[in-house]
Structures are given as structure tokens and as C-alpha cells.
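Just so it is clear, the model here is predicted, and its values are computed rather than measured. The chains referred to below are lettered A, B, ... by the order of the sequence lines, with proteins before strands, and numbering in each begins at 1.
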Amino acid sequence: MKTKKLIAPRYLFLSAILIILAGGLVLIPKFEKHEGISPELLLSNAISPERYISTDELADRYISRDPTILLIDVRDESSFNENTLPNSVNIPLNKLLDENFDAYLNQTAYDVILFSNDSFKANQAWILCNRLGYKNLHVLKGGINEWFSTIINPKEPTENMPKTAFELYSFRKAASMYFGVMYEDQLKIAVPKKTKTTPKLVIPIKKKKKIPTEGGC
Amino acid sequence: MGPLIPNGVIPYEWNNILAILIGIAFGFVLESSGFSSSRKLAGVFYGYDFAVLKVFFTAAVVASIGLYYMDYLGYISVGELYVQPTYLWGAIIGGAVMGVGFVAAGFCPGTAITSVAIGKIDAMVYIVGIMIGVFIFSEFYTLFQPLYEGSYLGNITVVDYFGVNPYIFIFCLTIVALLAFFFTDMIRKKVKKVFY
Amino acid sequence: MKELEKTKNISIAAVITILLVIIALLAYKKPKHLYAINTKQALKQIVENPPIQLNNYNPKTAILIDIRNQYEYEKGHIENAINIHSSDILDDANSIFFKKLKEDNKSIVLYGNEPSEAISASMILHQLGYSNVKILAVNNSLNQDKLITTPVEIEKKGENINQFIKASIKKVNELSDVQIKPKPIKVIPKKVIPIKKKKKMPTEGGC
């Protein structure tokens, strides 16, 4: 053949390899690409309680005016307008994956805390975001209802409770005052101005080690 | 899994070290395949040596085929790769200017540096020329700015822009590359041989 | 021509390339579990499928699964429930079991100590394509080694915080003659994250 003279056999061989490989790309069966992390990894992330942040820890970060927290209310708009945690952003669950909200969820600058009335919707939102590989997301344990019953309206401990319960109570009471709740006993002390030092409960904030997410896709 | 550094498989700090290692390897291959000779490079334009065209076209084809295979098998995700932004007219005019420099001097910036490394004087002059060009460009930046920043198309690839199936595009690219090799080889045989 | 001597190297390189491709193909394992739906579809489905209440649960068409651990399960569980701990739901045997349930058109009803506990298992199964997974809206607690199951309302609206705060201020003000004004909460300025228009990648773009 004419081409045999024109092209050395080894060049034919090399071009055959390229054509076969490129043709293989066209012919290989296509399947729907995995979106996000693998189900196995998602499961192990989802069953670990690491994502929860307690109401006490959140209150502590509020009061110390931690600039790195970003609260996201995943309930619908009407309940958001009715009552929410101070300084939070509303992203209704059904609009969670809108492009507009991507900047809030998919970032590394803030610790995003998702919350709803209890932790149900927030958990659902968290799992979806985790599948997409978003980082720094947390869920407020118990949601607003828990926030109300622990921080805004803490239950006074009874006499026979341990000392830590009283310390916790005084922390929570002080926190609730910070958020605007007033107590009757505040009247008596209100005259010398709040000099009463409430023993600040030190909440051990777990320093999370940043592990680069291996695997993934 | 990949891209390795953005996904944290390799720590970010390794970025520059890896770049240097890859750069050294690239320079070595350029030099060992004779690309530090300006005659070999200019040969593409005179038609007596198409090694440059073959090497870079093959590199592009092999890399794209390999990337898409790795993407298919899940070792890397093509969507996460960094794509250089496209400034259409800037690229066209800049490419033409560089082509003129290429044929006039017989170096592209990368090969010029490998030639400096082996002590070629013309390459050193070429590097000085690059510096002068950079100087002129930055001094008259305001003049060039509309061209430099105009016709911005974003970080797109040909596949994105025309919306074609990337697999078919790569297949066509491979065919085009092989045809180009074949025809350039025909031209090379017709042109009088130059010994260098 | 010197160039021809180098073709040996080219052939070697080509063979190595082919070997690499073959090794990669052999080393490739098809992932065991693949998502059947993307996150947008999943979001739509979970919004449309709220947990079912205990009295809506029909034992004829549904299988109850206790996703708590074995210890808790043995202490007490709802009648006819099967124990699959939530960390085991992707096991081979369980996958076969779920598949069979799906083919039989039976719905899978998960429950834990509280509805939130069952979310992770139910959502992962959901995204793997088991659209017949539901959560039972119950709280379970042990009382003297007996399981107490109480239906709960999910995302129940609690007391209104703002009203509570106002009420507390009013109460205090009524008791005292001096009007105390509520101290305004010092609020950190609201964070507004500028929306960056992200490049829209066609579906081809990986993850």
C-alpha cells in the first residue's frame, strides 16, 4: 500500500493507540455522575453527633460576640418573621439549594449554625449540604424550642440538685438577661447596678481538628 | 480524589515545591528532545521540522484523553480543574505577536530559558528582549488595558462554549492531530532538507 | 537521521501509557452504592414527604425498622420492628433486604429514640433511590424497662421568644414603680455575603 511507504509502521501503531483510546472515550457506557461525596462517607458523617452545637455553647459565643458565627434559620419565612434567634439569616429549607444562598453555605470563613424549631429540618439541610461537601456547618441541638427552654426560660434547679446545676442555671439566667428577659429579683439588685458577677460557666468548646477531607469524589 | 491540591490530598504548602519539580522535569525533557535549538523551533515555520507541532499537539491530545479517562474512573473531576480565563481579542493579538517573536528568534519563552541554561548567547539576547517587551507593556499598560481586559469570556473551554460533547470533541481533536501529523510530514518530505 | 533512534523511546512510552490505562481500568471498582437522585430532587422529596404519624402507620404495607443500636433494641422495641443500626444500613445483606422490600412495594418505616435520629438513615436510603422510606414521628423512652412510645409533632412551634421577653419585662415593670427599659441587645451587624455569580458548568463537570 502507498501509505506503508509514507508512514513508518511504528507511527501507524502510535496513531492507532491514540485513535483507540479516544474512540474508547466516546464508546464507554456513560452513567450518571455521583454528585457529592460517596454514600458511605455521607453515612459516617451523618451518624456522628459532631455536627451538633449545644444551646449553651451558642449562647456563650453570642455573648462573647464571636464574629465567626453565622446563624441560618431553615424554617419558612412566616415563622422566621414571627420569632427567630437574633442576627440570623433565613434560608427556607425548600430553597436551600438556590444559587443565591450558595455563598452562605459553601464557604469557609464562618461557622454556620443551622437551626429550626427542633433539629429535624436543620438536620435534613445539614445532610444535603454535607453531601455537597460544604464545610463548617453545624446544627443547633434541639433548635429554637430547646433554646427557649434552656436559655430564654431556664428552669430553676431544686435544692437537692448538684452544684453544677446551679452554676449552669446562673449562666443561663445571665444569658437570658443578655437576650432581654427580665426577672423580678433583678429589681432589688438593679439599684447598685448589676455588679453581681455571675460565675461564667466555661463551656469547653471543642477545638475541631481540621482534617482535609480525603477521598470524596 | 483529584485535583490533588485543591482537594487536600497533598497539603497546600507543597504547591510550589511540586511546581519546581515539575518545572525541572519539563525543562529537562525540552532540552533532551533538542528544543533548545532555535533552528528546530523555527523549522515549523520553514517546513523542514515539525517536531514542535507534533510534541505539543500530542501532549494536548494525550493529556485530554488521560484526563477524561481519569474523570470517568473517578480519580479526578474535570469540573474542578482550573481553567484560564479567556480574553478573546487579547489572546488573538497576543498570540500573533508571540508568533512573530517565535519565528524571528526561534524560541518560545520556555525553550529560551532551557537554552540560557545550556549557555546559548542568542537565547540570552532573547530573554533581554522579553524583558524589554514586559517593560513596554507595563509602561503603556493604560494604552493596552481595553484590549487586555476586553472581550472577556470567563473561564471557559471550547467544550463549554459550543456545548459539544467533550468525548466526541476529544475524538475529533485526536483525528485532527493525526491528520496534521500526516500532512506536515508530507510537507517536510517535500521541503529541502536542512541540516542543523 | 538521529530522530529515528528516539522512536524506540516513543514506543516504550506508548507501551507504558497503555499499561497505565489497563492498570487503571483493572483497579477501578464500580462503587457499591450510587445515588439515584441528585440533591435538588432529594430536597424536593424530603419537603414533600413529612414523617408519618403513629396512627397512620399500617403494618400490612410497611416494615418497621429500629435504627437504634442492638442494646437499646433488646431493652425494648415497638412490636414487629426489625433492628438495623443506622451505621449498618449500607451493608450488603441490608441492601438486598431493602431492595426486596422496594420490589414488594412495602414501605420502610424507620424510627429511633427521636425523629431526628432516624434522619441520617432515611435520607441516605432516600438518595440511594428507596423512595419508600419514611420516618415514624415518635419519641421512645425507657421507663422501668418498658418502652414508652409517644407520638410527637415534628417542628412543633414552641413558645414565641419575643413575646416571652416582652411579657417578662411587663411583669417586672408592673411590680416596680421605676420603669426599667429593656437593655437593647448589642447585635453584631448582620452579615451579608455578596452573591458571587458562579460559573455555570454543564452537567459534564464532575462532582
Side-chain angles (χ1 to χ4, degrees), chain A residues 10 13-14 17 21 32-36 38-40 42-44 46-47 65 67 70 75 79 82-83 86-87 89 93-94 96-97 99-100 102-104 107 110 116-121 123-124 127-128 131-133 144-145 147-148 152-153 178-184 186-187 190 216-217, chain C residues 7 10-11 14 17-18 21 31-35 38-40 42-44 46-47 86-87 89-90 115-116 119-121 123-124 127-128 154-165 168-169 171-172 175-176 178 180 182-188 190-191 193-196 198 203 206-207:
Chain A
R10 57 165 64 85
F13 169 65
L14 287 173
I17 291 173
L21 284 179
E32 181 78 27
K33 266 284 175 55
H34 252 274
E35 186 194 15
S38 72
E40 290 85 353
L42 181 63
L43 178 67
S44 75
I47 58 177
R65 299 231 251 152
L70 175 62
R75 301 170 306 160
S79 22
E82 204 174 292
N83 99 48
N87 207 15
V89 180
L93 182 63
N94 53 354
L96 184 77
L97 299 173
E99 261 181 61
N100 304 355
D102 202 43
Y104 284 96
Q107 42 80 31
Y110 301 108
S116 53
N117 276 337
D118 51 40
S119 24
F120 196 81
K121 279 185 176 177
N123 266 325
Q124 291 180 323
I127 290 175
L128 282 178
R131 176 176 162 190
L132 292 172
I144 292 187
N145 293 345
W147 176 261
F148 178 81
I152 301 297
N153 188 17
Y178 176 85
F179 291 106
V181 182
M182 296 189 103
Y183 292 86
E184 286 154 37
Q186 228 173 318
L187 284 173
C217 306
Chain C
T7 49
I10 294 174
S11 303
T17 315
I18 295 171
V21 170
K32 245 189 218 160
H33 300 282
L34 281 169
Y35 293 118
N38 64 28
T39 44
K40 287 226 164 103
L43 180 63
K44 214 175 141 227
I46 60 164
V47 170
S86 55
S87 64
I89 56 162
L90 294 178
S116 281
I119 290 179
S120 41
M123 274 189 66
I124 285 164
Q127 294 178 53
L128 292 175
I154 291 196
E155 292 295 325
K156 188 177 148 196
K157 200 175 269 182
E159 268 189 80
N160 191 322
I161 293 175
N162 298 342
Q163 271 168 19
F164 179 82
I165 291 174
S168 78
I169 293 166
K171 207 166 106 195
V172 171
L175 282 170
S176 76
V178 196
I180 303 173
K183 198 174 50 162
I185 309 170
K186 281 177 209 136
V187 191
I188 325 163
K190 210 168 202 170
K191 281 154 201 127
I193 300 178
I195 296 159
K196 282 167 278 174
K198 263 213 190 142
T203 46
C207 294

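Smallest separation of non-hydrogen atoms from A:L43 and C:S86: CD1-O, 3.5 Å. Shortest non-hydrogen contact noted between A:F179 and C:I165 is O-CD1, 3.2 Å. A pairwise comparison of heavy atoms in C:S87 and A:I47 identifies CB-CD1, 3.3 Å as the closest pair.
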Inset, instruction - Would you sort out whether C:M123 and A:L128 count as a side-chain contact (heavy atoms from CB on, under 4.5 Å), showing the intermediate values? - result: CA-CA 9 Å; C:M123 274 189 66; A:L128 282 178; 3.7 Å; yes

Inset, instruction - Could you please spell out the steps behind the side-chain contact (heavy atoms from CB on, under 4.5 Å) verdict for A:I127 and C:Q127? - result: CA-CA 11 Å; A:I127 290 175; C:Q127 294 178 53; 4.1 Å; yes

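Distance check: C:S120 OG to A:Q124 CD gives 11.0 Å after rounding to the nearest 0.5 Å. Interatomic distance, CG of A:N153 versus CZ of C:F164, reported as 3.5 Å (0.5 Å rounding).
Only the side chain of A:I17 comes within less than 4.5 Å of a heavy atom of chain C; its backbone N, CA, C and O stay farther away. Using a 4.5 Å cut-off between heavy atoms, C:I119 touches chain A through backbone and side chain atoms alike. Only the side chain of A:N145 comes within less than 4.5 Å of a heavy atom of chain C; its backbone N, CA, C and O stay farther away. At a 4.5 Å heavy-atom cutoff, the contact between A:L93 and chain C is made by backbone and side-chain atoms alike. Proximity to chain A (any heavy atom under 4.5 Å) is restricted, for C:L128, to the side chain, taken from C-beta onward.
Residues A:N94 and C:L43 have side chains not in contact (no heavy-atom distance under 4.5 Å, counting atoms from C-beta outward).
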